[in-house]
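The next block holds one structure in the form of structure tokens; read it before the comments.
The figures here come from the full heavy-atom set of this structure, side chains too, leaving out hydrogens, waters and symmetry mates. Remember, it's a predicted structure, so these values are computed and weren't measured experimentally.
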Amino acid sequence: MASDRLELDAMADALAEWIATGSAVTEEDKERALEALAAIGVPELLGSLAMAERILRFGNSFHYVPAFFADWSPEQKYLLWLTDPKREG
């Protein structure tokens, strides 16, 4: 999961390229893309995901959160990735 793929502006740029009527993306294309992403709830989803990640990181500072899940389960792998100090984000 790359954090640049979870940024609303990056999503809007990619969607704008898909919906562009010409060879170049216009500001109108990007506005339409942002409106489309907002209409399907992407900004709220990204906000919820960011909040959940902050909660998990904070909780991990008190208790080793990955230990609550089965060894090498998808949940534990995600938490290990999320709390990896080498990871940027």
Measure the spacing between [atom1] of [X] and [atom2] of [Y] and express it to the nearest 0.5 Å.
X     : Y     : atom1 : atom2 : answer
Asn60 : Leu56 : CG    : CG    : 8.5 Å
Arg54 : Leu49 : CZ    : CG    : 10.0 Å
Glu28 : Glu31 : CD    : CD    : 7.0 Å
Met51 : Glu44 : CE    : CD    : 13.5 Å
Glu17 : Lys30 : CD    : NZ    : 10.5 Å
Leu79 : Glu53 : CG    : CD    : 10.0 Å

* To do: Show your reasoning for whether side-chain contact (heavy atoms from CB on, under 4.5 Å) applies to Asp13 and Val25.
  => CA-CA 8 Å; Asp13 289 340; Val25 174; over 6 Å; no
* Could you tell me whether the side chain of Asp29 and the main chain of Thr26 form a donor-acceptor pair under 3.5 Å? =>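 Yes: the side chain of Asp29 pairs with the backbone of Thr26.
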* To do: Flag yes if Leu46 and Ile55 sit in one hydrophobic cluster, no otherwise; membership is Ile, Leu, Val, Met, Phe, Trp, Tyr, and two members link when side-chain heavy atoms are under 4.5 Å apart.
  =>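 Unlinked, Leu46 and Ile55 end up in two clusters.
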Grab the two heavy atoms, one from [X] and one from [Y], that are nearest each other, plus how far apart they are.
X     : Y     : result
Ala16 : Ala33 : N-CB, 3.7 Å
Gln76 : Phe69 : NE2-O, 3.6 Å
Ala36 : Leu15 : CB-CD2, 4.0 Å
Thr83 : Pro66 : OG1-CG, 4.5 Å

* So do the side chains of Glu75 and Phe68 get within less than 4.5 Å of each other, counting heavy atoms only? ->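 They are not in contact (no side-chain heavy atoms under 4.5 Å apart), so the answer is no.
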* Should side-chain heavy atoms under 4.5 Å link Ile, Leu, Val, Met, Phe, Trp and Tyr, which residues sit in the same cluster as Trp72? ->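 Trp72 shares its hydrophobic cluster with Tyr64, Leu80.
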* Aromatic plane relationship, Phe58 with Phe62 - under 30° parallel, 30 to 60° tilted, over 60° perpendicular ->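 Ring orientation of Phe62 relative to Phe58: perpendicular.
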